[in-house]
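Here the structure is laid out as structure tokens; the discussion comes afterwards.
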Amino acid sequence: MPSVKVKPVQKTQTAVLKQYVGGQWYEASGPEIASINPANTDDVIAKFRSATREDALKAIEAAQKAFEAWRGTPAPVRGRIVLKALQIAESRKEALARLMTREEGKILPEALGEVAKGNNLLEWFAGEGMRFMGTSAPSELPKNLLYTVRQPLGVVSIITPWNFPWAIPCWKIAPALVAGNTVVFKPASSTPAMAVEVVKVFEEAGLPAGVLNLVLGSGSSVGDVLVQDPRIRAVSFTGSNGIGKRVYSKAGLRGIKFTCEMGGKNPCVVMEDADLELALEGVFKGAFGSTGQRCTATSRLIIHEKVADAFVNSLIDKLKTLKIGDGLEPSVGLGPLVDEHQYRSVLEYLEIGKKEGAVLRFGGGKAEGPGLKKGYFVEPTIFDHVKPFMRIFKEEIFGPVLAVTRIKTFEEALALANDCEFGLTCAIYTQDISRAMQFADRIETGMVHVNSPTIGGEAQVPFGGVKGSGVGEREMAKEGVLFFSEPKTVFLDYTGQARKSNIY
Ligand code: NAP
């Protein structure tokens with residue numbers, strides 16, 4: 001009998017994660033939190049003792065201590081440390097992506113894409129160290145040099161969600177550091193292992209102790225202090241609308257800077273003249289990519305009635321070919337939801353959709369089958385004939401669920417697309433340039449895609465939303481650094497002649 005080679009089962013150890021404060025790694029004393037593989041809940045990736053309020057205060061103190069020296073470090077030198085962090089991250093991108101798939105659940109090609117995106121952002125912000133400049137202006141006064149410089153704010157809090165555990169910390173931490181701030185970083189409790197990897201690349205790149213501090217702890221125990229402590233000078237938050245509102249209300253009351261990037265309920269409009277093959281690909285990717293767990297996911301399809309039936313049928317045919325499972329398996333196209341909380345929440349929305357009277361065309365429940373028993377898998381789902389008053393039309397579900405609504409005219413499509421408390425991103429598929437331009441002009445979102453899916457962003461352009469999706473300065477691009485700095489205007493009278501002027 002030929003010998004059969006049995007692949008050894010790889011035992012993975014559960015890592016013990018630590019807080020990073022003042023350049024030291026240490027274990028906190030709060031309750032233990034486990035990071036669990038959402039595709040297989042037997043796989044415990046890591047554990048950590050949650051930070052307490054005292055740990056958060058320690059981190060703020062370390063950041064405060066490090067601030068003077070860091071603000072005095074020339075901006076190009078600060079940028080070069082970010083460049084070094086990028087080189088380290090590039091050298092381990094495969095390992096980072098694999099860990100991301102295990103911890104967050106997105107399929108490996110998407111995880112690789114996210115690492116690449118985060119690294120693009122590190123590249124962009126490293127260069128901002130060289131461009132951290134003010135302006136000069138002609139003064140009304142004689143012999144006066146009138147100029148501005150940009151200065152850091154001080155200690156800033158960075159609070160991030162789990163769905164982009166590499167890219168979002170990169171796009172917040174890098175500009176904060178380049179602008180000369182010191183940082184207390186609080187990642188989501190569901191993706192702590194990825195957060196530790198983020199901090200490690202900066203530590204290895206030579207960031208001085210105390211400049212970046214990691215507080216691993218639940219939002220309910222450390223969230224408030226990271227917004228309310230008087231030493232915190234700004235808060236950069238990404239997450240849900242509910243928590244975001246709480247954060248910006250408190251930050252606003254303190255009169256500090258804040259930027260809150262929050263949820264979305266992004267519409268994709270498909271008109272009757274669209275390239276339907278292109279639109280099909282875009283809606284498929286936008287709605288079901290990353291298991292629908294993107295702030296930019298397509299969650300409402302607003303489609304012309306003339307093409308709706310055929311389009312939805314083709315979408316269903318495509319979904320039938322989608323393999324659900326562990327994102328590390330190359331054939332899998334749809335991974336799990338991130339954790340039990342998210343799993344229960346999406347299943348609840350599926351029931352809400354059924355009860356509200358939407359027509360369930362595909363999916364609608366737990367995904368079952370070989371290899372799916374121990375993970376948080378749900379079926380990709382399409383609800384058709386969704387009405388604007390329904391909750392599944394209005395509320396962010398954050399799962400692979402698409403609500404389809406039919407329209408007769410462009411004006412109706414635009415009105416429905418805008419009939420929403422959120423305003424992050426959107427898409428329109430049409431071959432009529434005039435319609436596309438009118439849509440781009442009148443849609444109430446921070447980003448618009450014409451003939452491409454609702455998802456995506458690039459380092460060199462602002463990212464963010466309006467209405468319930470975003471409050472405060474945009475992220476990425478120049479705006480990313482502007483948020484983390486203040487201009488200072490300097491009047492320099494170099495002869496004393498200005499005293500004769502009566503302009504004051
Ligand atoms: P979330 O529940 O709002 O949590 C976001 C972060 O806030 C986490 O680190 C969380 O910590 C922390 N937090 C919880 N309570 C807090 C409090 N009282 N004070 C301060 N911080 C607190 O959001 P999520 O579930 O992680 O992420 C999904 C959401 O993020 C979706 O709504 C999605 O649309 C949005 N998102 C938006 C963008 C964008 O750019 N617009 C990008 C990505 C995601 P714990 O994990 O410990 O609770």
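We're numbering straight along the sequence, starting at 1. Just so it is clear, the values below take in all heavy atoms, side chains as well, and ignore hydrogens, waters and symmetry mates. Indexing begins at 1, ligand by ligand and atom by atom, following the structure's order.
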Pairs under 3.5 Å, N/O atoms on ligand 1 and on the protein: can you put them in a table with the distances?
unit_1, atom_1, unit_2, atom_2, d
ligand 1, 3 (O), Ser240, N, 2.8
ligand 1, 3 (O), Ser240, OG, 2.6
ligand 1, 9 (O), Thr160, O, 2.8
ligand 1, 9 (O), Lys186, NZ, 3.4
ligand 1, 9 (O), Ala188, N, 3.4
ligand 1, 11 (O), Lys186, NZ, 3.0
ligand 1, 18 (N), Arg246, NE, 3.2
ligand 1, 23 (O), Ser240, N, 3.3
ligand 1, 25 (O), Trp162, NE1, 2.9
ligand 1, 26 (O), Trp162, NE1, 3.3
ligand 1, 30 (O), Gly239, O, 3.3
ligand 1, 32 (O), Glu396, OE1, 2.6
ligand 1, 34 (O), Glu396, OE2, 2.6
ligand 1, 41 (N), Met262, N, 3.4
ligand 1, 41 (N), Met262, O, 2.7
ligand 1, 46 (O), Ser189, N, 2.8
ligand 1, 47 (O), Lys186, NZ, 3.2
ligand 1, 47 (O), Ser189, OG, 2.5
ligand 1, 47 (O), Gly219, N, 2.9

> Side chains of Gln293 and Asn163: donor-acceptor distance under 3.5 Å anywhere?
Replying inline: no

>> For Thr191 and Glu104, which I'm curious about, is there any donor-acceptor pair between the side chains at under 3.5 Å?
In response: no

>> Could you check whether Trp171 and Glu261, counting side-chain N and O atoms only, form a donor-acceptor pair closer than 3.5 Å?
In response: no

>> Can a side-chain donor-acceptor contact be found between Thr298 and Thr454 if the only test is distance below 3.5 angstrom?
In response: yes

> Can you tell me how far the CD1 atom of Ile256 sits from the CG atom of Asp229, to the nearest 0.5 Å?
Replying inline: 9.5 Å

> Cationic tip of Arg294 within the cone over Phe164's six-membered ring, i.e. under 6.0 Å and within 45° of the normal?
Replying inline: no

